Amino acid sequence: MELRLYDTLTKTKRTFLPLRQEDVRMYVCGPTVYDFAHIGNARPVIVFDMLFRLLRFFAKKGVWDEGKGQTTVTYVRNITDVDDKINNRAARDYPGMPLNEAIRKVTEKTAEQFRTDVKALGCEPPTFEPRATDFVLPRLDGKADMVTLIKQLIERGHAYEAVGEVLFDVRSMPDYGTLSGQNLDEMRPGARVAVDAHKKSPLDFVLWKQSSGDEPGWESPWGRGRPGWHIECSAMSAAYLGNVFDIHGGGLDLIFPHHENEIAQSRCAHGTATMANFWMHNGFVEVEGKKMSKSDGNFVTIRDLLAKWPGDVLRLQMLMTHYRSPSDWTDARAHQANAELEDWAYLLQSRYTWSDAVLPEPTAIAEILADDLDTSNALTFLRELYSRAKRGTEEEIREFAASCRLMGFRNLNKPGYFNQINTGIGAGSGEAVSKNADRIQALRAAYANTAPPQVISVISSEIESSSNIRVEVTDKGKVILVFGNRQETDTKVNELIEQRNEARARKDFTESDRLRGVLAQMGITLRDFKDPVTGEPKSEIVQ
RNA sequence: GGCCACGUGGCGGAGUGGUUACGCGCCGGUCUGCAAAACCGUUUACUCGGGUUCGAGUCCCGACGUGGCCUCCA
């Protein structure tokens, strides 16, 4: 088994080998916490969660330590909590509050929202989730920090002070621009942003800038100020992973300038030839065929989507596309993903014991994923496993289950969460069910995504307030609207089913169909079958 | 102006030189009193124009189109 990964820096797919066999070290750029994360933010989180899972699988197999299986995987994903957008948001949302306090409120709230969202997407927490503000000043524990890094850059002649700022001197680094394939002389400085006159080169970027009294700031050798955007990742990656580590990931848009500048800072400060052995970048997300643009309003937050779909649906939709290709978020694709998940969940729920089964190692699917995280072909394989498992042995179901688990789907024991056919039980339920279709879907999603109880009760009471309805959730996760007295209804339903079975037994199909119609009016859909042993006609309620 | 992706059937999405991948949907069939489910099957494709080749969705050139980056968007 070997893992092959595409490296943006060398533009090649190579075999991945950890720099140190005892641990694999990965750093991924995380969110700037000023607002709800959008579906574009979800992609790198899901993609690198898949990689994290795969790396641990390989580590456990002992692929990198002669079969011992003791390699650890360290995954660091930062939280950017110093940024002018945060400052603006804090001033807007908490007017009158001292800025630092308001900023902390904004960042803590947003970071918590983010964690809730990505958990619903089936993403495991990274090993470390450092916040930028904890790494501005030198630390008691001696971990790398931004101020020290900047000092080193100045000492080594890679940075200079000008009008209160500290700037990185790109001309001091001969191979600046390698990652993005940009050539300093061919770039068009100022193409989008005016060039500041105090820079030696237009491409020089800020390491430290002054803060006015009403901006967040830290006391530094260059006065009270705050760090530039890129330096935080240089500091936090070094703090947890060392000066040179295995994998650095993020979105395609971060290649330039963010990652380019990270490389410049880290390599020049540490005097190393590389920063990370592999640079991995996920492609963009579009929304309904158009580029996602916050300024054009063409974007969807993860939170909005989770209000409608189980996180598994978003995850599957994301994994349907190879991570380096563009991915289009459309409602149609969500429906497709949902439909497949429902099938899978139905099979697993009905044929597989979740509690105490010992799962096999999903080696076959891991082999496919090992080709540069080929999730698309892995899903094709998963579909093969599914159709084999459907009429297969216990072993085959277990392999399917184990493979699903490696892909990170959470709710495959609850087919009801994916079931798009809404049902109500009780006379005249049809109208209320169709009237509340959106709310029922929202409720299903809320359960699937383990939304807070308040959210669930708000939606439930919205549905229940409209008339004599009670919301029930079956053990399969199916949301059902129940009218009137459930016990009476159940008794009535059972009677009708019994009468119908009798009618069918005496081949009175007119009566049988009439009774099925009566049941349908009560929201009950039947599925007929013959008892495999006695051959007696039976029926079950479709839920 | 420079750099970089991408363009496959109703939809999604694989496929880097040689039998309609696969999934969703549609349609048909088997089964079933009917329906549902399940199973089986059919259908529709490679943006355009050149070139290389016995043979190209796959390689080369060009055009067109879409998208991204060129200082703080994942």
Side-chain angles (χ1 to χ4, degrees), chain A residues 8 11 28-32 37-48 80 82-85 167-168 170 177 180-196 199 202-206 209 227-232 249-258 260-261 281-286 289-295 299 316-317 320-322 324-328 330 332-340 343 346 374-384 386-387 390-391 504 507-510 512-513 516 520 525-530 537 539-540 542:
Chain A
T8 312
K11 295 188 168 59
V28 174
C29 291
T32 302
H38 52 66
I39 186 67
N41 301 103
R43 191 164 192 198
V45 178
I46 293 171
V47 163
F48 291 103
T80 298
V82 50
D83 183 282
D84 289 348
K85 289 193 288 286
L167 293 153
F168 187 90
V170 294
S180 51
Q182 306 279 357
N183 180 316
L184 285 187
D185 300 319
E186 283 171 358
M187 289 172 96
R188 188 188 265 182
R192 295 205 329 185
V193 173
V195 176
D196 294 325
K199 292 183 176 178
L203 287 165
D204 288 355
F205 56 91
V206 172
K209 55 188 163 189
W229 175 36
H230 318 295
I231 194 72
E232 58 174 271
L252 208 57
D253 55 329
L254 294 180
I255 292 175
F256 194 93
H258 183 55
E260 198 71 78
N261 292 347
H281 295 94
N282 62 272
F284 275 84
V285 175
E286 295 165 8
K290 286 190 293 191
K291 75 164 180 171
M292 195 171 80
S293 160
K294 289 199 88 166
S295 50
F299 73 102
L316 177 55
Q317 167 150 191
M320 270 161 35
T321 311
H322 183 87
R324 284 191 278 123
S325 302
S327 170
D328 194 8
T330 63
R333 292 183 73 207
H335 274 101
Q336 182 176 332
N338 190 90
E340 285 205 77
D343 287 348
Y346 185 77
D374 191 353
T375 52
S376 187
N377 276 315
L379 287 170
T380 297
F381 179 69
L382 199 59
R383 288 165 185 148
E384 270 178 48
Y386 166 72
S387 52
K390 249 196 303 194
R391 55 209 139 131
R504 289 181 68 217
K507 300 205 189 295
D508 181 354
F509 297 120
T510 312
S512 161
D513 288 348
R516 183 161 60 190
T525 306
L526 291 181
R527 178 181 299 167
D528 292 342
F529 61 98
K530 273 185 181 154
S539 53
E540 63 176 5
V542 179

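Numbered from 1 within each chain, the chains take letters A, B, ... in sequence-line order. Fair warning: this is a prediction, and the values are worked out from it, not measured in the lab.
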Nearest listed nucleotide, side chain of [X], among [options]:
{"X": "Phe256(A)", "options": "rA35(B), rC72(B), rC69(B)", "result": "rC69(B)"}
{"X": "Asp374(A)", "options": "rC73(B), rG23(B), rG15(B)", "result": "rG15(B)"}
{"X": "Asn41(A)", "options": "rA74(B), rA36(B), rC34(B)", "result": "rA74(B)"}
{"X": "Thr32(A)", "options": "rC72(B), rA74(B), rC22(B)", "result": "rA74(B)"}

Taking any strand in view, what nucleotide pairs with [N] in a Watson-Crick or G-U wobble way, both distances under 3.5 Å?
{"N": "rU19(B)", "result": "none"}
{"N": "rU42(B)", "result": "none"}
{"N": "rG25(B)", "result": "none"}
{"N": "rU66(B)", "result": "rA5(B)"}
{"N": "rC34(B)", "result": "none"}

What interatomic distance, in whole Å, is found between [atom1] of [M] and the corresponding atom of [N]?
{"N": "rG18(B)", "M": "rC24(B)", "atom1": "C1'", "answer": "30 Å"}
{"N": "rU32(B)", "M": "rA38(B)", "atom1": "C1'", "answer": "11 Å"}
{"N": "rG57(B)", "M": "rU8(B)", "atom1": "P", "answer": "15 Å"}
{"N": "rG49(B)", "M": "rU58(B)", "atom1": "P", "answer": "12 Å"}
{"N": "rG62(B)", "M": "rG10(B)", "atom1": "C1'", "answer": "32 Å"}
{"N": "rG68(B)", "M": "rG15(B)", "atom1": "C1'", "answer": "25 Å"}
{"N": "rC60(B)", "M": "rA21(B)", "atom1": "C1'", "answer": "27 Å"}
{"N": "rC54(B)", "M": "rG12(B)", "atom1": "P", "answer": "37 Å"}

Whole angstroms only, please: what is the [atom1]-[atom2] distance between [X] and [N]?
{"X": "Phe299(A)", "N": "rC73(B)", "atom1": "CZ", "atom2": "P", "value": "14 Å"}
{"X": "Phe205(A)", "N": "rC69(B)", "atom1": "CZ", "atom2": "P", "value": "19 Å"}
{"X": "Asn377(A)", "N": "rG13(B)", "atom1": "CG", "atom2": "C1'", "value": "9 Å"}
{"X": "His322(A)", "N": "rG15(B)", "atom1": "NE2", "atom2": "C1'", "value": "14 Å"}
{"X": "Phe168(A)", "N": "rC72(B)", "atom1": "CZ", "atom2": "C1'", "value": "16 Å"}
{"X": "Gln317(A)", "N": "rC11(B)", "atom1": "CD", "atom2": "P", "value": "16 Å"}
{"X": "Leu203(A)", "N": "rG2(B)", "atom1": "CG", "atom2": "C1'", "value": "12 Å"}
{"X": "Glu340(A)", "N": "rC11(B)", "atom1": "CD", "atom2": "P", "value": "18 Å"}

| field | Basic-acidic side-chain contact under 4.0 Å: Lys390(A), Asp343(A) | value | no
| task | Check the pair Glu540(A) / Leu526(A) against side chain to side chain contact (heavy atoms under 4.5 Å, CB included), numbers first and verdict last. | result | CA-CA 6 Å; Glu540(A) 63 176 5; Leu526(A) 291 181; over 6 Å; no
Looking at [X], I'd like to know whether one of its side-chain N or O atoms comes within less than 4.0 Å of OP1 or OP2 on [N].
{"X": "Arg391(A)", "N": "rC40(B)", "result": "yes"}
{"X": "Lys209(A)", "N": "rC72(B)", "result": "no"}
{"X": "Lys390(A)", "N": "rA38(B)", "result": "no"}
{"X": "Thr321(A)", "N": "rG13(B)", "result": "yes"}
{"X": "Arg333(A)", "N": "rG13(B)", "result": "yes"}

| query | Given Met320(A) and Ser376(A), is the side chain to side chain contact (heavy atoms under 4.5 Å, CB included) satisfied, shown in steps? | reply | CA-CA 5 Å; Met320(A) 270 161 35; Ser376(A) 187; over 6 Å; no
| request: Measure the spacing between CZ of Arg383(A) and CD of Glu340(A) and express it to the nearest 0.5 Å. | output: 4.0 Å
| request: Rounded to the nearest 0.5 Å, what's the gap from CG on Asp374(A) to OG1 on Thr380(A)? Could you check? | output: 8.5 Å
Looking across every strand, which nucleic acid part, if any, lies under 4.0 Å from [X] by heavy atom: base, sugar-phosphate, or nothing?
{"X": "Gly283(A)", "value": "base"}
{"X": "Gly40(A)", "value": "base"}
{"X": "Leu254(A)", "value": "sugar-phosphate"}
{"X": "Asp328(A)", "value": "nothing"}
{"X": "Val285(A)", "value": "base"}
{"X": "Leu379(A)", "value": "nothing"}

With distance as the sole criterion, do the side chain of [X] and the base of [N] form a donor-acceptor contact below 3.5 Å?
{"X": "Gln336(A)", "N": "rG23(B)", "result": "yes"}
{"X": "Asp513(A)", "N": "rG33(B)", "result": "yes"}
{"X": "Asp528(A)", "N": "rC34(B)", "result": "yes"}

| query | Mapping Ala332(A) and Ser325(A) onto RNA chain B by nearest heavy atom, which one lands closer to the 5' end? | reply |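 Whichever sits nearer the 5' end wins; that is Ala332(A).
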| note | Residue pair Ser512(A)/Arg383(A) against RNA chain B: nearer the 5' end by closest nucleotide is Arg383(A)
| field | Evaluation steps, side chain to side chain contact (heavy atoms under 4.5 Å, CB included), between Asn377(A) and His322(A) | value | CA-CA 9 Å; Asn377(A) 276 315; His322(A) 183 87; over 6 Å; no
Write down the atom of [X], the atom of [Y], and the distance for their closest heavy-atom approach.
{"X": "Ser327(A)", "Y": "Thr321(A)", "result": "OG-OG1, 3.9 Å"}
{"X": "Glu260(A)", "Y": "Ser180(A)", "result": "OE1-OG, 2.5 Å"}
{"X": "Arg324(A)", "Y": "Arg43(A)", "result": "N-NH2, 4.4 Å"}

